[in-house]
Amino acid sequence: MNLGKFRDQMESYRRSADEEARSLKDSYHALDRLHALYRSFDEKERDLANQVLGEWVLSEDENLRFDALALIDDFKISEAVTTLRLLVERLAASSAPGAPFELQKVDRIASELCGQAYNGRD
């Protein structure tokens, strides 16, 4: 399967899970389903999923970024460090009210993935 088709399937799955979570009034239901989906992937599918998560991290949609960051953090996806650094730069320059808090979260995730103290603003 190519990246484009895989991306479309992941996005469709996420939309479905998000709609289901809203109907259940359970905000973490979608994230639980995304965790289960990621666990079900074989190695090749995980490689594709990691690329898609990297794209989601840079999305303007805060909810999409939240899901991507949660999966990257929980599954320790070290391939995401470069993308996280790009997000750190964007958040550091942002005047959005939530940017400082998201920046702390991204710094923490990147630090853990690098296994060392990390401050992406250096």
Side-chain angles (χ1 to χ4, degrees):
M1 178 180 307
N2 69 32
L3 179 60
K5 187 171 185 173
F6 191 85
R7 177 188 305 113
D8 292 344
Q9 288 182 352
M10 263 188 84
E11 289 172 355
S12 175
Y13 186 90
R14 183 187 174 275
R15 275 191 305 275
S16 172
D18 195 44
E19 289 170 12
E20 188 176 319
R22 273 194 299 260
S23 73
L24 294 171
K25 297 182 183 186
D26 179 357
S27 59
Y28 284 96
H29 180 76
L31 195 53
D32 289 342
R33 286 198 45 207
L34 287 170
H35 276 83
L37 176 67
Y38 191 86
R39 277 189 212 93
S40 75
F41 291 150
D42 63 26
E43 187 176 342
K44 184 176 179 180
E45 290 169 326
R46 280 193 182 203
D47 288 341
L48 293 170
N50 293 348
Q51 291 177 58
V52 172
L53 292 173
E55 294 170 3
W56 289 4
V57 161
L58 296 177
S59 171
E60 293 297 321
D61 180 342
E62 289 181 30
N63 295 318
L64 192 58
R65 284 197 316 268
F66 178 88
D67 290 346
L69 289 169
L71 291 168
I72 288 166
D73 188 21
D74 294 342
F75 290 101
K76 304 302 178 207
I77 302 170
S78 60
E79 298 91 340
V81 170
T82 301
T83 308
L84 293 174
R85 288 180 177 155
L86 293 172
L87 180 58
V88 163
E89 290 174 15
R90 192 171 83 195
L91 290 170
S94 174
S95 60
F101 304 104
E102 189 173 2
L103 179 58
Q104 287 179 335
K105 177 180 175 177
V106 176
D107 272 341
R108 179 192 55 76
I109 294 168
S111 176
E112 289 174 4
L113 292 176
C114 290
Q116 59 188 1
Y118 172 75
N119 182 338
R121 293 162 286 178
D122 289 343

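Numbering of residues begins at 1 and proceeds along the displayed sequence.
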If we only count heavy atoms from C-beta on, is the [X] to [Y] side-chain gap below 4.5 Å?
X	Y	result
Y38	L34	no
T83	L87	no
M10	L53	yes
H35	Y28	no
D42	E45	yes
L113	I77	no
F75	N50	no
L48	Q9	no

In one Ile/Leu/Val/Met/Phe/Trp/Tyr side-chain cluster, 4.5 Å: [X], [Y]:
X	Y	answer
V52	L69	yes
V106	L31	no
V57	F66	no

If you draw a 6.0 Å radius around NZ in K76, do more than 12 non-hydrogen atoms from other residues or ligands fall strictly inside? yes
Near F101 CZ, under 6.0 Å, is it more than 12 heavy atoms from other residues, nucleotides or ligands? no
What's the separation between atom [atom1] in [X] and atom [atom2] in [Y], rounded to the nearest 0.5 Å?
X	Y	atom1	atom2	result
L24	R22	CG	CZ	11.5 Å
L84	E79	CG	CD	11.0 Å
I109	E102	CD1	CD	9.0 Å
K105	L103	NZ	CG	12.5 Å

For A21 and A30, work out which heavy atoms get closest and say how close. CB-N, 3.7 Å
Heavy-atom closest pair, residues D61 and S59: N-OG, 2.9 Å
Presence of salt bridge, R90 and E60, under 4.0 angstrom: yes
So that I can tick it off, tell me whether R85 and E89 are bridged by a salt bridge, with the cut-off set at under 4.0 angstrom between side-chain N and carboxylate O.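 No, no charged N to carboxylate O under 4.0 Å.
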Pair L64-R14, side-chain contact (heavy atoms from CB on, under 4.5 Å): steps then yes or no: CA-CA 9 Å; L64 192 58; R14 183 187 174 275; 3.4 Å; yes
Take D73 and R108 through the test side-chain contact (heavy atoms from CB on, under 4.5 Å) and record every step on the way to the result. CA-CA 9 Å; D73 188 21; R108 179 192 55 76; 3.0 Å; yes
Would you please name every residue forming a side chain to side chain contact (heavy atoms under 4.5 Å, CB included) with R15, sequence neighbours left out?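 Expected list: E11, S12.
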Centres of the F41 and F6 rings: under 6.0 Å? yes
